[in-house]
Amino acid sequence: MYHLIADLLTAWHARQQRALPWRDAPPGARDPYSVWVSETMAQQTQLAVVVDYFNRWMARFPRLESLAEADQQEVLKLWEGLGYYSRARNLHKTAQILVREHAGELPRTRRELLRLPGIGEYTAGAILSLAYGLPEPAIDGNVRRVFSRLWDIDDRIDSPAAQKRIASLASNLEAAAPQPAALNEALMELGALLCRPRNPLCRDCPLQSSCMAHTRGVQDSRPVRAPRKRTPHYDFTAAVIWQGAPDNSPFLIARRPDDGLLGGLWSLPGARCGPDDENLHACLRRSVCQKLGLAIAVTEPLTTVEHTFTHFHMTLHAFHARICRGAPRAVGYPDWRWTTLAEAELLPFAVPDRKLADALRARTQS
DNA sequence: AATTCGGGGCA
DNA sequence: TGCCCAGAATT
């Protein structure tokens with residue numbers, strides 16, 4: 001059974017796999033650094049989005065050593081817009097650890113890989129198999145979905161029972177595969193191209209006659225997902241604090257702490273509105289006082305921006321402001337600076353702050 | 001075991 | 001709109 005599935009899958013993959021920039025060598029014989037970067041970018045991110053980021057990244061940081069020597073701001077700038085910024089900070093940090101303690105090479109054991117920031121069970125397995133050719137499973141969301149259908153697993157996909165079952169099945173399949181690395185990639189490719197979350201293309205699937213969910217006609221209700229919570233809505237504020245005359249002088253930006261939302265990126269100072277804030281102006285005065293040690297006067301509104309994160313929806317209210325008293329100090333932020341619209345292009349900002357910059361630019365041009 | 005952490009693509 | 005994506009780290 002396992003041999004049949006492994007052979008069918010491998011043959012299908014040899015014909016149908018997509019061309020991707022990191023697939024420049026057969027699975028099992030790739031540059032470990034390229035595998036690590038591409039797999040990290042691919043975490044919770046569709047490959048179609050990753051391709052351009054990967055190419056830009058490898059052009060600027062072709063080797064692990066060049067990444068280790070880079071400035072964190074430049075690393076984040078290359079990641080700007082891709083999301084989950086701890087991935088970029090951890091790549092940078094781990095590159096420095098590897099140069100310092102591991103001769104600039106990625107380890108060849110799961111135990112050592114798992115100690116490195118940003119490398120979990122999946123990414124460790126992907127590096128071990130796709131780069132080093134070792135018979136290690138690499139279980140991602142695609143593989144879980146494919147297995148839940150092949151064996152019609154009706155436990156919730158995130159339950160311990162389902163996880164154990166899938167790990168066991170993956171291990172058996174891996175042992176039956178002629179090329180374990182190719183099998184891992186084939187499982188993921190099948191999940192991405194045919195065994196999709198919605199509207200799976202069972203007609204074209206090489207495993208159709210082996211698939212229990214298809215036989216029972218329940219492929220559309222596999223995997224069984226956990227119910228999702230409604231995403232809450234929060235109001236945020238941001239201030240354009242002008243150094244001199246509005247629209248015609250530098251304004252203040254702050255770098256966000258490495259831990260937490262959008263860590264390490266620059267943004268306009270501000271905060272989420274709390275229960276103690278009487279209104280948006282009060283929220284803004286409070287947060288700028290707490291985080292920059294600055295008393296400001298909020299003047300006219302700039303714009304309002306909507307943005308949806310994974311776990312909440314944000315309405316961002318931006319205002320113009322001027323300093324009443326004090327000078328900026330890095331209290332609640334690790335850093336701050338005066339900047340201009342032109343200069344801000346070169347710094348890493350998250351999407352909501354890019355939208356504010358666009359509104360500011362539209363203003364000064366009119 | 002449950003949360004946190006981005007952003008875009010797509011029905 | 002909601003769902004999901006080649007997950008990891010934290011609580």
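All of these numbers come straight from a predicted model, not from anything done at the bench.
- Residue A:Arg87 contributes atom CZ, which lies 10 Å from atom C1' of B:dC5 at whole-angstrom precision.
- Phosphate proximity of B:dT4 to A:His311: absent, as no side-chain N or O sits under 4.0 Å from OP1 or OP2.
- Rounded to whole Å, the separation between the P atoms of B:dG8 and C:dA8 comes to 22 Å.
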Show each protein N/O and nucleotides 9-11 of chain C N/O combination with a separation under 3.5 Å, one pair to a line.
residue : atom : partner  : partner atom : Å
C:dA9   : OP1  : A:Gly118 : N            : 2.3

Step-by-step side chain to side chain donor-acceptor pair (under 3.5 Å) determination, A:Thr45 to A:Arg87: CA-CA 12 Å; A:Thr45 309; A:Arg87 294 183 293 174; 3.1 Å; yes

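- The separation between A:Tyr85 atom OH and C:dG7 atom P is 18 Å, rounded to whole Å.
- Contact check, A:His307 against B:dG6: no side-chain N or O comes under 4.0 Å of OP1 or OP2.
- If you find the closest nucleotide of DNA chain B to A:Ser86 and to A:Pro160, the one lying nearer the 5' end belongs to A:Pro160.
- Put simply, CG on A:Asp52 is 11 Å from P on B:dG9, counting in whole angstrom units.
- Under 3.5 Å, the side chain of A:Thr45 and the base of B:dG7 form no donor-acceptor pair of N or O atoms.
- A:Glu80 has its CD atom 11 Å from the P atom of B:dG8, to the nearest Å.
- Taking atom CG of residue A:Leu265 and atom P of nucleotide B:dG6, one finds them 8 Å apart after rounding to whole Å.
- Residue contacts shown for A:Thr123 are limited to sugar-phosphate atoms, with no base heavy atom under 4.0 Å away.
- Under the 3.5 Å distance criterion, with hydrogens and angles disregarded, no donor-acceptor pair is assigned to the side chains of A:Glu80 and A:Tyr85.
- Nucleic acid contact for A:Phe309: sugar-phosphate only, since backbone atoms but no base atoms lie under 4.0 Å from a heavy atom of the residue.
- In this structure, the nucleotide among C:dA6, C:dC3, B:dG7 sitting nearest to the side chain of A:Thr310 is B:dG7.
- Here B:dG6 presents its P atom at 18 Å from CG of A:Leu78, a figure rounded to the nearest Å.
- Using a 4.0 Å heavy-atom distance criterion, A:Glu189 is classed as a base contact.
- Residues that satisfy the side-chain hydrogen bond (donor to acceptor under 3.5 Å, both in side chains) test with A:Glu306, not counting sequence neighbours, are A:His313, A:Thr315.
- Under the 4.0 Å criterion applied to side-chain N and carboxylate O atoms, A:Arg272 and A:Asp235 are not assigned as salt-bridge partners.
- Using a 4.0 Å heavy-atom cutoff across all strands shown, A:Arg225 reaches sugar-phosphate atoms only and no base atom.
- An OP1 or OP2 oxygen of C:dG7 is reached within less than 4.0 angstrom by no side-chain nitrogen or oxygen of A:Gln43.
- Each of A:Met188 and A:Arg230 has a nearest nucleotide on DNA chain C; the 5'-most of these lies closest to A:Arg230.
- Looking at heavy-atom distances under 4.0 Å, A:Ala48 makes no contact with the nucleic acid at all.
- Within 4.0 Å (heavy atoms only), A:Arg89 reaches no atom of the nucleic acid at all.
- Counting any heavy atom pair closer than 4.0 Å across all strands shown, A:Arg115 reaches no nucleic acid atom.
- Nucleotides B:dT4 and C:dA6 are separated by 24 Å at their P atoms, to the nearest Å.
- In this structure, A:Arg18 reaches the bases: a heavy-atom distance under 4.0 Å links it to at least one base atom across the strands shown.
- Taking the six-membered ring where the residue is Trp, the centroids of A:Trp57 and A:Tyr53 are separated by 6.0 Å or more.
- A salt bridge links A:Asp152 to A:Arg216: one of the charged nitrogens lies within less than 4.0 Å of a carboxylate oxygen.
- Atom CD in A:Gln46 sits about 12 Å away from atom C1' in B:dA11, given to the nearest Å.
- A:Leu261 comes within 4.0 angstrom of sugar-phosphate atoms only, judged by non-hydrogen atoms across all strands, and of no base.
- Note on A:Gly260: only backbone sugar-phosphate atoms sit closer than 4.0 angstrom, heavy atoms only; bases stay farther off.
- Comparing C:dA6, B:dG7, C:dC5 against the side chain of A:Arg23 picks out C:dA6 as the nearest.
- Not a single donor-acceptor pair under 3.5 Å links the side chain of A:Asp277 to the backbone N or O of A:Asn279.
- When hydrophobic residues (I, L, V, M, F, W, Y) are linked wherever their side-chain heavy atoms come within less than 4.5 Å, the members clustered with A:Leu280 are A:Ile241, A:Leu252, A:Leu284, A:Val288, A:Leu292, A:Leu294, A:Ile296, A:Val298, A:Phe319, A:Ile323, A:Tyr333, A:Trp336, A:Trp338.
- Between A:Tyr84 and A:Arg198, the residue anchored closer to the 5' end of DNA chain B is A:Tyr84, taking for each the nucleotide with the nearest heavy atom.
- Regarding A:Arg144, its CZ atom lies at a distance of 9 Å from the P atom of C:dC5, rounded to whole Å.
- Salt-bridge check for A:Glu185 with A:Arg30: passed, with a basic side-chain N closer than 4.0 Å to an acidic carboxylate O.
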